[in-house]
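Everything below concerns the one structure shown next.
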There are 2 protein chains.
Amino acid sequence: MLQGGYTISDLVREFGVTARTIRYYEEIGLLKPHRTAGQQRIYSRRDRARLKLILRGKLLGFSLQEIAELIQLYEIDPTARRQYEEGLKLAHKHLAEIRRRIEELKHLEEDLVEAIQQTEAEYQKLIADEGHQKH
Amino acid sequence: MLQGGYTISDLVREFGVTARTIRYYEEIGLLKPHRTAGQQRIYSRRDRARLKLILRGKLLGFSLQEIAELIQLYEIDPTARRQYEEGLKLAHKHLAEIRRRIEELKHLEEDLVEAIQQTEAEYQKLIADEGHQKH
DNA sequence: CAATCAGTTAACGTTAACGTTAGTTGATGT
DNA sequence: ACATCAACTAACGTTAACGTTAACTGATTG
C-alpha cells in the first residue's frame with residue numbers, strides 16, 4: 001500500500017481483473033492515476049471507486065463508451081456552467097436508458113418464467129409417460 | 001411477401017437491421033430459414049419471432065452467445081429427456097442472471113438519481129452566484 | 001431481350017476490449 | 001552487489017459482431 005494509495009496489483013487482487021485491463025481503461029481516459037517518481041501508477045480511493053463503477057457497468061452489459069458518459073457526471077468542474085448543462089442532459093438520457101432496461105428485463109423475466117413453467121410441465125409429462133411404458 | 005413467409009428485406013424494413021446482420025445470425029446458428037428453389041431465404045413467423053427476441057436481447061446488452069443459450073429453451077425436442085434437463089438448467093441460470101441485472105440496475109438508478117439531484121443543486125447555486133455578480 | 005433489381009456467396013475489413021509477448025527499469029531482500 | 005520482483009512501455013494478436021465490396025444468379029419489367 002504505497003503512501004496512502006493503491007498499486008495496480010492491489011486493484012488486480014481486489015477486483016479480479018488484469019493489470020492490462022486497468023491500464024487500458026487509463027488509455028481510453030476512464031482512469032487517471034498519479035505516478036511516483038519512478039513512473040509507477042498510484043490509484044486514489046476515488047480512482048478505486050471509479051474502477052468499481054466501471055466494472056459494475058460492464059457486468060450490466062454497458063459499453064465502455066456508455067460508461068464513460070455516465071462517469072462524466074461525477075467529473076464536472078464546479079465553475080463551468082456549460083459542463084453542468086451537458087452533464088445533466090447526458091445523465092438524464094442515461095437514467096431513461098436504465099429505466100428502459102429495467103422494464104425490458106422485467107418483461108423478459110416474465111416471458112422466461114412462463115416458458116420455464118411450460119417446459120417443466122412438458123418434462124413431467126414425458127417422465128410420467130416413460131414410467132407407464134412396458135418394455 | 002413470398003408464399004406465406006417473409007423475405008430478408010421484409011425483416012430489414014420491419015426491424016431496422018441490415019441483411020448482413022440477419023444472415024450473420026444464421027451463420028452462427030441463431031436462425032434457420034427455409035429456402036426457395038432459387039436459394040432465396042424465406043422466414044417463417046417463428047423465425048421472425050426469434051429475430052425479435054435476439055434484437056431485444058441485444059438492446060439489453062446480452063451477447064449473441066448468451067442469447068443463443070436463452071433461445072435453446074424454446075427449441076427442445078419434446079422426446080429428449082436429456083435436452084429438457086440441460087435446457088431447464090440453463091434457463092434457471094439465465095433467470096437468475098436477469099434478476100441480478102434488474103437489482104443491479106435499480107441500484108445504479110438510485111445512485112444516478114442521487115448524483116443528478118446533487119449536481120442540479122450545485123448548478124442552481126452556480127446560477128444564483130452568477131446572478132449576484134457585479135461586473 | 002436487354003437491363004434492372006433483389007437476393008446470394010465468399011472473402012476481406014473494421015471496431016471494441018482486451019490478451020500476450022518482449023524488452024526495460026526501479027525497488028528490495030540476502 | 002546481485003538477483004529477483006513488480007511495474008512499465010510498445011507493439012502485435014485475438015474475438016465478437018458485424019460492414020463492405022465483388023462477382024454471380026434468378027426474376028421482372030419496359
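In what follows, chains carry the letters A, B, and so on, assigned in the order in which the sequence lines appear, proteins first and then strands, with residues in each chain numbered from 1.
- Applying the 4.0 Å criterion to OP1 and OP2 of dG7(C), one finds that Arg41(B) has every side-chain N and O outside that range.
- A salt bridge is absent between Glu66(B) and Lys58(B); no separation between the charged side-chain nitrogens and carboxylate oxygens falls under 4.0 Å.
- If you walk DNA chain D from 5' to 3' and mark each nucleotide with an atom closer than 4.0 Å to a heavy atom of chain B, the marks span dA17(D) to dT20(D).
- Between Lys106(B) and Asp111(B) no salt bridge is recorded (no basic side-chain N to carboxylate O distance below 4.0 Å).
- To the nearest angstrom, P of dA6(C) lies 18 Å from CD1 of Ile42(B).
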*Encode nucleotides 21-27 of chain C as B, S and - characters from 5' to 3', where the letter depends on protein heavy atoms closer than 4.0 Å: B to the base, S only to sugar-phosphate, - to neither.*
-------
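- With hydrogens and angles disregarded, a donor-acceptor distance shorter than 3.5 Å links the side chain of Thr7(B) to the backbone of Asp10(B).
- The phosphate of dT9(C) (OP1 or OP2) has a side-chain N or O of Arg35(B) nearer than 4.0 angstrom.
- With hydrogens and angles ignored, the 3.5 Å screen pairs no side-chain donor or acceptor of Asp129(B) with any backbone N or O of Leu126(B).
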N/O donor to acceptor pairs below 3.5 angstrom from side-chain atoms of residues 21-28 of chain A, sequence neighbours left out:
residue  : atom : partner  : partner atom : Å
Thr21(A) : OG1  : Thr18(A) : OG1          : 3.0
Glu26(A) : OE1  : Arg41(A) : NE           : 2.6
Glu26(A) : OE2  : Arg35(A) : NH2          : 3.3
Glu27(A) : OE2  : Arg20(A) : NH1          : 3.2

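- Within 4.0 Å (heavy atoms only), Ile28(A) reaches no atom of the nucleic acid at all.
- Atom CD of Glu97(A) is separated from atom CG of Leu112(B) by 12.0 Å, given to the nearest 0.5 angstrom.
- Ion pairing between a basic and an acidic side chain is recognised when a charged N comes within 4.0 Å of a carboxylate O; Arg101(A) and Glu104(B) show no such pairing.
- Arg82(B) and Asp77(B) are not joined by a salt bridge, as no carboxylate oxygen comes within less than 4.0 angstrom of a charged side-chain nitrogen.
- Toward the 5' end of DNA chain D, the nearer of the two residues Thr21(B) and Tyr43(A), judged by each one's closest nucleotide, is Tyr43(A).
- Each of Arg13(B) and Arg20(B) lies near DNA chain C, and the nucleotide nearest Arg13(B) is the one positioned closer to the 5' end.
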